[in-house]
Amino acid sequence: MRVILVGAGRDRDRLRPQLRDAGLTIVGEYDREPDDRPAGIDAVILAGPEGAAAPVLSRGGLTRDAIEEALTPREQDVLALVAEGLPNKAIAAALGISDQTVKFHVAAIIGKLGAANRTDAVRRAVRRGLVTL
């Protein structure tokens, strides 16, 4: 199976041996998900930060849904409010949590989506159908 690996350099370094051991061929690596997927690619693997879920091989092969770590329900709530353009303090007030907790959730969302920042996270979430605007 031909895949591209997306994520921070240290995260790709950590994940690369696992993918090769699983028999996957890494044909490209990127810091951010490319807008145009190279031809002949079976999957995009997002290398998240240390402790993120490892890629999963399903019976039908490796699928994008199987390898992306799911957002928690609270992260989905935070993401929806980020997509509305709310700052951390407003998100904290709306959800009844501290702004530090919001920062933690935003960082987790950015990592799981392989995004560079909040705006990129919302763009990626919209493209994947995780949030609607």
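Positions are given from 1 along the sequence.
- The pair Asp13-Arg10 does not meet the salt-bridge criterion, since no charged nitrogen lies less than 4.0 angstrom from a carboxylate oxygen.
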Would you sort out whether Leu133 and Val126 count as a side-chain contact (heavy atoms from CB on, under 4.5 Å), showing the intermediate values? CA-CA 8 Å; Leu133 298 178; Val126 168; 3.8 Å; yes
Assess whether side-chain contact (heavy atoms from CB on, under 4.5 Å) is satisfied between Val131 and Gln76, documenting all intermediate values. CA-CA 8 Å; Val131 69; Gln76 292 171 9; over 6 Å; no
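- Judged by distance alone, the side chain of Glu29 and the main-chain N or O of Val6 form no donor-acceptor pair under 3.5 Å.
- In summary, the side chains of Asn117 and Arg123 do not present any donor paired with an acceptor at a separation below 3.5 Å, with no hydrogens or angles considered.
- Looking at every heavy atom in both residues, Ala121 comes nearest to Ile109 through CB-CG2, 4.3 Å.
- Linking ILVMFWY side-chain heavy atoms closer than 4.5 Å, directly or via other members, places Leu86 and Phe104 in two distinct hydrophobic clusters.
- Between Leu95 and the options Val78, Thr101, Val102, a side chain to side chain contact (heavy atoms under 4.5 Å, CB included) holds for only Val78.
- Contact check for Glu84 versus Ile91: no side-chain heavy atoms found under the 4.5 Å cut-off.
- Annotation for Arg32: atom CZ does not count as buried by contact number, only 12 or fewer foreign heavy atoms lying within 6.0 Å.
- Between Arg118 and Ile110, the closest heavy-atom pair is N-CD1, 3.8 Å.
- Using a distance-only test at 3.5 Å, with no hydrogens or angles considered, a donor-acceptor pair links the side chain of Glu75 to the main chain of Thr72.
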Could you walk me through whether Ile4 and Ile26 satisfy the side-chain contact (heavy atoms from CB on, under 4.5 Å) test, starting with their C-alpha distance in whole Å, then the side-chain angles of each, then the deciding distance to 0.1 Å, before giving a yes or no? CA-CA 5 Å; Ile4 59 173; Ile26 301 169; over 6 Å; no
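- Residue Leu113 holds its CG atom at 8.5 Å from CG of Asp120, rounded to the nearest 0.5 Å.
- When side chains are defined from C-beta on, Asp11 counts as touching Arg14, because their heavy atoms get closer than 4.5 Å.
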When you look at Val27 and Val3, which way does the side-chain contact (heavy atoms from CB on, under 4.5 Å) test go after all the steps? CA-CA 6 Å; Val27 297; Val3 301; over 6 Å; no
